[in-house]
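If you're wondering where the values come from, they're calculated on a predicted model, not measured in any experiment. Side-chain atoms are counted along with the backbone in the values below, which use heavy atoms only and exclude waters and symmetry mates.
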Amino acid sequence: MRSVAAAICLALCGCDSVHALFAPRARTAAAAPEIAMGPWLLDPAPGQITVAWTTAEPAKGRVWYLDDRLAQEDAPRTDHRVTLRSLPQDTEVRYRIEASPPVAGAFHTEPGPKSAFRVLVYGDNRTNNGDHALVARAAVAEGARLLLHTGDMVVNAADEELWDRWFSEEADLLLRAPFVPTLGNHEITDNGVSYSRFFKQPSRPAYRSLDYGPLHLVVLDSFEVAAGADPHMGAVSDAQLAWVEEDLRGVPEDKHVWVLVHQGPFAHPAHMRPGHGGSERVRLAIQAAARRHPIEAVFAGHEHFYERGEVDGLRYFVVGAGGAPLEDPDPTFPTVEAAHKALSFVTVDVCGCHVSGKAKDIAGRVLDSFTLSSCKEPCGTPLAAKGGAP
């Protein structure tokens with residue numbers, strides 16, 4: 001009897017179904033969810049950058065970079081921000097987000113003081129029947145390492161479908177370069193909730209400054225809700241006026257100082273409407289800042305055309321033809337040096353003390369050329385060697 005029982009036991013032990021009954025269950029890792037919007041790159045700083053994206057389902061965000069480094073979030077969420085740290089200067093960094101499917105991109109880290117790099121300035125997309133997509137597609141070919149957006153990304157910030165379309169049309173740009181926006185009047189149609197969710201650090205106001213190589217960029221909020229702004233009329237608080245003056249107090253003399261703002265100090269539409277043209281409060285802010293450090297250029301939007309001009313030594317740009325319904329500028333106004341009604345964007349090439357740029361339409365035609373800074377010292381590195389477009 002014992003021999004029969006032993007034989008039965010041996011037979012059962014060799015059966016896969018019995019093993020399955022008593023074997024410990026293997027833990028299968030949950031698949032990373034699909035990316036819903038993004039990714040986009042935020043907050044460039046020496047040695048670091050933040051990768052942002054959204055998912056429909058909560059998950060811990062995980063990003064691989066520099067071959068074998070992993071940066072990850074501490075808890076599952078749907079709005080993801082993962083900061084990559086200890087990045088080498090002036091280097092292309094490849095990264096990969098764990099998702100289904102995985103999403104990979106690459107960007108250049110902060111340039112050195114004499115490195116050549118290109119900046120893209122554009123804005124006022126406004127979800128306009130594919131025109132925004134045409135601008136974004138043309139701009140990708142410029143090889144910019146930094147993206148400056150003059151505001152008004154979608155026509156209604158409370159409509160998530162419009163944001164989904166905006167991120168889709170911007171995808172190739174946002175995958176490759178850090179994105180620095182300023183808040184436009186259409187971003188406060190939901191009191192700035194979506195803008196804060198996607199682009200702003202929660203503990204800080206919408207106005208801020210950052211350094212990027214030889215640039216010091218001041219981002220102003222010309223539609224400051226706390227100062228009483230609404231989608232039809234801008235406002236700038238006294239606190240912001242004081243902040244911008246203090247911000248430039250300690251900026252080194254050799255820095256190129258640019259201001260990014262939605263409604264700029266000057267603009268000259270052919271047909272003036274309430275709430276348009278230049279902002280007096282923004283003029284006051286910039287005049288106060290210029291007392292502390294020379295301002296090389298102001299880049300704004302709000303009007304749906306391209307304009308370049310100069311008033312009392314201040315060079316200003318209106319770059320608002322990124323997809324919104326185009327409007328007519330007034331090229332006859334005395335301070336206007338160039339004006340065009342065309343879907344367009346601006347590229348600015350920086351190399352040490354040299355700064356020059358072009359406004360282009362979506363066919364690549366040069367609408368305007370300008371020089372913001374030059375000196376006898378030659379450019380440190382040819383732009384073509386750094387991946388910029390000619």
- Message: How about CG on D254, more than 12 heavy atoms from neighbouring residues, nucleotides or ligands closer than 6.0 Å, or not?
- Response: yes
- Output every pair passing ring pair (Phe, Tyr, Trp, His ring centres under 6.0 Å) with a member in residues 274-302, not counting sequence neighbours, ordered by first then second residue. F223-H302, W258-F299, H262-H302, H276-H302, F299-F317
- Query: So, do F117 and P214 sit near enough that their side-chain heavy atoms are less than 4.5 Å apart?
  - Reply: yes
- Query: Taking atom CD of E187 and atom CG of D221, what is their separation to the nearest 0.5 Å?
  - Reply: 10.5 Å
- What heavy-atom pair brings I35 and A99 nearest, and what distance separates the two atoms? CG1-CB, 3.8 Å
- Item | Presence of salt bridge, E142 and K360, under 4.0 angstrom | yes
- Query: Heavy-atom distance under 4.5 Å between the side chains of L314 and P265, does that happen here?
  - Reply: yes
Which pairs of donor and acceptor atoms, one on a side chain in residues 51-59, lie under 3.5 Å apart (sequence neighbours left out)?
| from | atom 1 | to | atom 2 | distance (Å) |
| --- | --- | --- | --- | --- |
| T54 | OG1 | M37 | N | 3.1 |
| T55 | OG1 | E57 | O | 2.8 |
| T55 | OG1 | H80 | NE2 | 2.8 |

- Spacing of CG belonging to L146 relative to CG belonging to L210, to within rounding of 0.5 Å: 7.5 Å
- Is there a side-chain contact between F333 and E307, using heavy atoms and a 4.5 Å cut-off? no
- Item | Ion pair check, D312 and R315, cut-off under 4.0 Å | no
- Item | Pair D79 + R197, salt bridge at N-O below 4.0 Å | yes
- Query: Does CD belonging to E280 count more than 12 external heavy atoms closer than 6.0 Å?
  - Reply: no
- Message: Taking atom CD as the centre, does Q89 end up with more than 12 heavy-atom neighbours from other residues, nucleotides or ligands that are less than 6.0 angstrom away?
- Response: yes
- Greater than 12 external heavy atoms within 6.0 Å of R81's CZ: yes
- Message: Is it true that T83 and T50 share a donor-acceptor pair across their side chains at a distance under 3.5 Å?
- Response: yes
- Hey, does V218 have a side-chain heavy atom less than 4.5 Å from the side chain of D247? yes
- Can you see which heavy atom on P178 is nearest to which on I49, and at what distance? CB-CD1, 3.8 Å
- Task: For W243, enumerate each residue passing the ring-ring contact (aromatic ring centres under 6.0 Å, His included) test, keeping only those at least two apart in sequence or located in another chain.
- Result: Y207
- Mind checking whether V193 and M153 sit in one hydrophobic cluster, side chains of I, L, V, M, F, W, Y counted as touching below 4.5 Å? no
- Salt-bridge present (R77, E73; N to O < 4.0 Å): yes
- Is there a side-chain contact between H186 and R126, using heavy atoms and a 4.5 Å cut-off? yes
- Message: Closer than 3.5 angstrom, by distance alone: can the side chain of T109 be matched with the main-chain N or O of D90 as a donor-acceptor pair?
- Response: yes
- Query: Are any of the side-chain nitrogens in E377 or K114 under 4.0 Å away from the carboxylate oxygens of its partner?
  - Reply: yes
- Are any of the side-chain heavy atoms of P88 and L66 separated by less than 4.5 Å? yes
- Are the charged groups of E337 and R308 less than 4.0 angstrom apart, N to O? yes
- Query: How many angstroms lie between NE2 in H256 and CD1 in I295, if you round to the nearest 0.5 Å?
  - Reply: 14.5 Å
- Query: Is any side-chain heavy atom of L183 less than 4.5 Å from a side-chain heavy atom of V225?
  - Reply: no
- side-chain contact (heavy atoms from CB on, under 4.5 Å) against Q201, all qualifying residues, sequence neighbours excluded: D43, R204
- Message: If you compare all heavy atoms of G323 against all heavy atoms of V135, which two are closest, and at what distance to 0.1 Å?
- Response: N-CG2, 4.3 Å
- Query: Would you say V180 and L147 make side-chain contact, with heavy atoms under 4.5 Å?
  - Reply: no
- Do the two ring centres, one from H149 and one from F179, sit under 6.0 Å apart? yes
When the side chains of residues 166-175 are checked against the rest of the protein, which donor-acceptor pairs come out under 3.5 Å, sequence neighbours left out?
| from | atom 1 | to | atom 2 | distance (Å) |
| --- | --- | --- | --- | --- |
| W166 | NE1 | N125 | OD1 | 2.8 |
| E169 | OE1 | H132 | ND1 | 2.7 |
| E170 | OE1 | Y122 | OH | 2.5 |
| E170 | OE2 | H132 | NE2 | 2.6 |

Identify every side-chain donor-acceptor pair in residues 338-347 under 3.5 Å, counting partners at least two apart or on other chains, and give the distances.
| from | atom 1 | to | atom 2 | distance (Å) |
| --- | --- | --- | --- | --- |
| H340 | NE2 | L367 | O | 3.0 |
| K341 | NZ | D328 | OD1 | 3.3 |
| S344 | OG | A342 | O | 2.9 |

- Task: Ignoring hydrogens and angles, tell me if any N or O in the side chain of D190 forms a donor-acceptor pair with the backbone of S194 under 3.5 Å.
- Result: yes
- Message: Checking E92 against H108: is there a side-chain donor and acceptor pair closer than 3.5 Å?
- Response: no
- Short N-O contact, E327 and R273, less than 4.0 angstrom: yes
